[in-house]
Every structure is written in structure tokens, then in C-alpha cells.
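Note sheet for the following structure.
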Number of protein chains: 2
Amino acid sequence: MDERVPRDFETLRTTILERRQSLPKRIAQIAAYALDNPDDIAFGTAASIAASAGVQPSTLIRFAQQLGFDGFTSLQLVFRERLRERNSSYDERLAALRAKAEEGAGHRAIFDGFVAAASTSLNDISDRLNEDHFEAAIALLAKAETIYVLAKRRSYPVASYIAYALGKLKIRNQLIESAAGLNAEIISFASPRDAVIAISFSPYAPATIEEARVISEQGVPIVAITDSSFSPLAQFAKVWFEVAEADFAGFRSLSATMALAMALTVAVGEKRRDTGGKRKA
Amino acid sequence: MDERVPRDFETLRTTILERRQSLPKRIAQIAAYALDNPDDIAFGTAASIAASAGVQPSTLIRFAQQLGFDGFTSLQLVFRERLRERNSSYDERLAALRAKAEEGAGHRAIFDGFVAAASTSLNDISDRLNEDHFEAAIALLAKAETIYVLAKRRSYPVASYIAYALGKLKIRNQLIESAAGLNAEIISFASPRDAVIAISFSPYAPATIEEARVISEQGVPIVAITDSSFSPLAQFAKVWFEVAEADFAGFRSLSATMALAMALTVAVGEKRRDTGGKRKA
DNA sequence: GGCAATATGAAATAATAATTCCAATCGATA
DNA sequence: TATCGATTGGAATTATTATTTCATATTGCC
């Protein structure tokens with residue numbers, strides 16, 4: 001029929017959004033309905049969909065034709081295909097992504113690779129998280145006066161999000177970053193009544209390790225997020241988590257670490273609320 | 001027209017497996033096919049399914065009737081319902097986790113919630129990424145002399161990871177952060193030969209928007225990562241991405257944004273290598 | 001305000017698909 | 001091996017559903 005008919009849902013979606021302005025009223029109505037209720041389009045009959053959207057079946061067909069399909073039926077195929085793909089199990093999806101990324105099909109493959117790496121890491125951590133360690137870490141951090149957050153380089157984004165979240169939750173915290181080279185001084189203020197969250201992955205930033213050493217010698221308890229039991233961070237930590245992040249193109253995903261970090265932060269906030277800032281409510 | 005007709009897929013599945021032995025040959029053949037290719041049953045017509053399974057349409061109907069349905073159509077409904085539910089299961093799972101976490105069902109629920117939020121976001125973006133925008137953004141960034149990275153508050157972690165990655169790839173970049181309040185000066189150095197990656201989600205940090213405005217007025221092209229077409233960032237951007245991050249306990253996941261950011265960064269690095277840093281290799 | 005072009009509604013029609021029916025085949029049992 | 005009941009294949013029938021058509025309404029333009 002037409003020249004460039006959208007064959008996959010995403011293209012279709014984009015096309016619809018682009019033309020949204022220039023569509024006649026009823027057609028626009030159906031367009032909006034289609035994007036809002038894609039499942040109904042996939043399963044319904046022309047009559048039932050038209051009724052739900054408040055238009056005539058013929059309008060539905062005109063809508064399809066305007067997009068270049070030769071009828072409602074071919075339009076519906078796209079919506080069905082979408083469901084099929086979406087529905088393929090999580091693992092299959094992941095495998096497909098990896099395969100696509102590996103065969104190196106252009107820039108899209110790079111994107112797929114990062115998504116796959118992130119998904120893998122999340123899958124992984126959700127199986128492996130040690131709940132006892134998790135509870136211990138929460139308890140330790142919940143009773144700290146100030147939580148120090150320590151991470152450099154590739155782990156720094158996690159630290160900055162932790163600091164942001166702690167601030168939002170009104171939990172006193174100090175991000176140890178070296179803008180002015182005053183880290184040593186900041187660290188020297190930490191006392192055993194405080195606590196540290198330290199994050200470092202191989203190759204461990206020497207500064208992180210060194211600072212962790214110093215601070216642990218001051219008797220400040222450390223919760224570490226790192227990548228193996230051989231990590232130099234682990235030896236200084238009261239509690240530590242092993243997080244295996246998949247990497248792609250030389251860059252490690254941070255999804256699992258982020259999820260763990262956020263969970264820790266929010267759980268600490270909750271525990272403090274329960275225990276009561278003022279020792280028992 | 002039986003008494004206990006299986007209404008959901010799982011019951012149906014069990015019923016089929018139970019009776020498998022006692023079914024006549026062709027009916028068993030269709031039964032096996034149905035369990036192996038549930039998607040085909042959901043979408044196909046009686047004729048097409050029968051053909052794929054190697055039986056007659058009438059057999060398909062007999063199969064349905066034997067299970068207590070009054071015809072193929074009602075059997076098919078169960079298979080369709082399954083697809084619908086499966087499809088929404090991510091969101092539902094997330095909703096369930098949220099509810100669980102709210103009623104205080106332990107810290108593990110919080111962790112699961114963050115993992116689910118991250119997975120949902122990744123799934124979502126992998127379906128929705130607009131490849132044309134993606135290519136356009138890469139092209140735009142690849143020819144920039146310096147890439148400025150602009151993001152505050154909750155988006156800042158992403159910016160810092162982008163800056164880290166760009167640095168690793170030896171791509172000149174400048175993170176616009178206000179440690180010393182010199183942002184305005186830093187921004188004033190940007191020229192139309194440069195480019196900006198700006199990231200902001202609702203509620204948009206006013207500083208980000210303002211700086212994006214200023215920098216776009218200097219003619220510097222902006223690639224924006226934001227959350228909707230109504231975002232104030234979108235109007236200043238040459239290319240923008242809509243990323244819908246699920247949130248949990250008030251904190252937005254960053255997984256999808258991170259994956260996109262990393263993909264952009266690495267793709268830019270790759271494009272530069274191909275095009276040749278020194279104008280054609 | 002009148003005219004043409006476009007859009008919409010409703011019903012008729014065509015296409016497609018589900019179901020039924022009947023004859024043919026198969027399989028167990030005496 | 002003959003016979004009865006169950007099973008199957010294939011075509012006829014019926015139902016449902018998409019599509020077309022045409023009259024009517026709406027919109028934009030002069």
C-alpha cells in the first residue's frame with residue numbers, strides 16, 4: 001500500500017505523536033486512545049474499540065489508513081506484535097538484548113548493552129543480597145550521629161545520590177569529596193558514634209582505601225559496598241556487601257549498587273522514625 | 001458448558017496436564033501445542049492455529065469443549081487474559097511492593113522495591129528509546145569541542161558519571177557544578193561549537209533550567225534527558241529524550257537514565273574514533 | 001454568509017472466521 | 001474378523017467482524 005508504514009510499535013508511537021497536531025478531532029481521539037490503551041487495540045474488535053473510544057468503527061479504519069496501513073487489521077498486528085515481544089520472559093529478553101549488543105549492530109547495540117548489563121546486575125543482586133548483613137548495616141547506620149559517605153571516581157555517583165537522599169530524609173551526613181583538599185580534616189571529625197558508607201570497586205581508588213583505613217582506625221564503623229571478599233575495603237568494614245556489577249564497553253553498571261544504596265538509605269530513615277529521634281516516642 | 005470451567009491460565013494449564021493421558025491423539029496434539037505456544041492461541045484464528053498444530057479446526061473446537069468451554073472463542077479469552085496480565089505484571093508487582101513497604105513489611109521489601117523500580121524503568125526505556133533521536137544526539141555530541149554536563153540534585157549522580165566516562169574516553173568535558181559559585185563564568189565560555197548534555201526531572205531544579213536557557217541563547221546545542229514533553233528543558237533542547245523512571249519511597253530510580261547516559265557517552269566516543277579525531281583518518 | 005473541501009456517522013456489504021454436521025476412519029472387544 | 005463406539009477430516013453453514021459507501025455535518029476560506 002503506502003511507502004513507509006510503521007512496522008513496530010515504537011515507530012508507530014512516534015509517528016502518531018508527530019502528527020498528533022494535524023489530525024482531525026475524531027481521529028486524534030482514537031489516536032490518544034490507542035496510545036493509552038494499547039492492549040485494547042491488540043485484543044478488541046473494531047466495533048468494541050470504537051465504542052470504548054467513543055467513535056465509529058469507520059473512524060478507526062480511517063485512522064489506520066491515515067497511518068499508511070490498509071486497514072484496521074494490519075494496524076492491529078503491530079499492537080499484537082508488541083504484546084508478544086513484551087511478554088517474552090525476562091530472561092529471554094535479556095538474552096536477546098545481549099545477543100543484539102554482541103553482534104554489534106550500531107549504536108542501538110551499545111544502548112542495549114548497557115540496558116542488559118544493568119538488568120543482569122539487578123537480577124543478580126536480588127538473588128544474592130544477604131539479609132542479615134542488610135539488617136546489620138541498617139542498625140549500624142541508624143544509630144550514627146553523622147553518616148559519612150566515601151567514594152571516588154566511578155563509585156562517586158552513588159555516593160552523591162546517597163548524600164542527596166540522606167539530606168532529603170533529614171539525616172545528617174557528610175560527603176567526603178576533595179574539592180578543596182580538606183578530606184583529611186573532614187575525616188578527623190568522625191567519631192565512633194558516627195558511621196561510614198564506603199563504596200569502591202576494583203581497581204580500588206587508592207584514596208578511598210586510605211581514607212577508609214584512617215577512619216576505621218578512629219573507631220568509626222564502616223559499611224562497605226564492594227565487589228569481592230578480597231577487596232581491601234572489606235577488611236576495614238564492620239559490614240560489607242558484595243555487589244557484582246556487569247560491565248559493558250568497559251563501564252560498569254551502577255544499577256545494583258544504586259538500588260542497594262537507596263534501600264539502605266530509606267531503610268535507615270524508616271528505622272529512625274520507628275525508634276524515634278528522641279529515644280522511644 | 002461444564003460446571004467448572006478454568007477461568008485463568010494457570011488452572012487451565014493444570015487441568016490440561018492432568019488429563020493429558022486420557023485425551024485422544026489429535027486432541028492431545030492440540031493440547032501440547034497450546035501449552036507450548038500460548039501466544040499463538042491468543043492471537044491466531046482457529047484455522048491458522050489448527051494448521052500450525054497440524055489438525056483440523058474442528059478438532060480445536062472439540063478440544064475447547066472437552067475442557068468445558070463452549071467453543072474456541074471462550075478458550076482463547078483465557079489465553080488473551082494471560083497476556084494482558086503478564087504484561088502489566090511489572091507495574092502491579094511494583095504497586096504490591098510499594099504497598100508492602102508502606103505497611104512496614106520489613107526492610108527487605110524496601111530493597112525489593114528499589115530493584116523492581118529499576119527493572120521497570122529499564123524495561124520501559126528499552127521499549128521506548130527513539131533511535132532517530134539517539135543518532136541525532138550522538139552526531140551532535142560527537143562534533144562538539146567541549147561537552148558541558150549540566151544537572152543538579154537528584155540528576156547530579158548521572159552527570160558525574162557522564163563526566164567520569166567522558167574523561168576516561170579522553171573527550172573534553174566540563175561538569176557544571178557550583179562548588180565555588182562560578183557556574184555563570186563557566187557557562188559563558190561555551191560556544192556554538194560545543195554541546196551540552198542537560199538532565200532534569202520534575203520538579204525541575206530552577207538552576208538547571210535557567211542555566212540551560214542561558215547556554216542555549218548562546219547558541220550552544222543542547223541534548224536533554226528529561227521526563228516529559230512538557231518539561232521546560234525540552235524547549236531549549238535540539239534533541240531530547242523522554243525517560244520515565246519509576247520511583248519508590250519517593251526516590252526515583254536512575255537506572256534508565258544511567259543506561260541512556262552511558263550509551264550516549266560510549267557511542268560518542270566510538271563515533272569520534274570512526275570519524276577520526278584528526279578530520280578523516 | 002456562502003461555497004468547497006474535509007470529516008463524521010450510520011447502515012449496507014463483503015470478507016473472514018467459528019461452528020456444525022456428516023461421512024469416513026480407527027480401535028477396542030467379543 | 002466383524003461390530004460398535006469413539007475419533008477424525010472436510011466441507012457446509014452460520015456468526016461475527018472488517019470494510020465500504022453514501023448521506024450528513026463541520027470546518028476553513030473567500
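A note on names: the letters A, B, ... follow the listed sequences, proteins ahead of strands, and every chain is numbered from 1.
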Return the value, rounded to whole Å, for the distance between atom [atom1] of [X] and atom [atom2] of [N].
X        : N       : atom1 : atom2 : answer
Ile61(A) : dC22(D) : CD1   : P     : 16 Å
Phe72(B) : dT16(D) : CZ    : C1'   : 14 Å
Ile49(A) : dT17(D) : CD1   : P     : 11 Å
Ile27(A) : dT8(C)  : CD1   : C1'   : 9 Å
Arg26(B) : dT25(C) : CZ    : P     : 15 Å
Leu77(B) : dA18(C) : CG    : P     : 12 Å
Phe63(A) : dT8(C)  : CZ    : P     : 13 Å
Asp70(B) : dA15(D) : CG    : P     : 14 Å

What verdict does the salt bridge (Lys or Arg N to Asp or Glu O under 4.0 Å) test give for Lys152(B) and Glu211(B), after you've listed the backbone C-alpha separation in whole Å, the side-chain angles of each residue and the deciding distance to 0.1 Å? CA-CA 11 Å; Lys152(B) 319 262 169 195; Glu211(B) 287 168 9; 3.1 Å; yes
Flag yes if more than 12 heavy atoms outside Arg80(B) fall under 6.0 Å of its CZ atom; otherwise flag no.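 Yes.
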Mark yes or no for a side-chain to base donor-acceptor pair under 3.5 Å between Thr45(A) and dA18(D), with no hydrogen or angle criteria applied.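 Between dA18(D) and Thr45(A), which were checked side chain against base, a qualifying N/O pair under 3.5 Å is absent.
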Would the base of dG9(C) count as contacting Thr59(A) through its side chain, where contact means a donor and an acceptor less than 3.5 Å apart?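 Under the 3.5 Å cut-off, the side chain and the base do not form any donor-acceptor pair.
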Short side-chain N/O contact to [N] OP1/OP2 from [X], under 4.0 Å:
X        : N       : answer
Gln29(B) : dT8(D)  : no
Gln65(B) : dT20(C) : yes
Gln56(A) : dT8(C)  : no
Thr73(A) : dT19(D) : yes

Applying a 4.0 Å non-hydrogen cut-off, can you work out what Leu60(A) is touching in the nucleic acid: base, sugar-phosphate, or nothing?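 No contact.
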Out of [options], which has the shortest distance to the side chain of [X]?
X        : options                   : answer
Pro24(A) : dA7(C), dA10(C), dA18(D)  : dA7(C)
Ser58(B) : dA18(C), dT19(D), dC21(C) : dC21(C)
Lys25(B) : dT8(D), dT20(C), dA18(D)  : dT8(D)
Arg62(A) : dA18(C), dA18(D), dG9(C)  : dG9(C)

Parallel, tilted or perpendicular: which describes the rings of Phe43(A) and Phe43(B), with under 30° parallel and over 60° perpendicular?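 Parallel.
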Whichever of Leu23(B) and Pro57(B) has its nearest DNA chain D nucleotide further upstream toward 5':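 Upstream on the strand: Leu23(B).
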Side-chain donor-acceptor contact under 3.5 Å, Thr11(B) with Asp8(B):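 The criterion, which ignores hydrogens and geometry beyond distance, is satisfied for Asp8(B) and Thr11(B).
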Return yes if a side-chain donor-acceptor contact under 3.5 Å exists between Ser121(A) and Glu245(A), otherwise no.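 A donor-acceptor contact under 3.5 Å links the two side chains.
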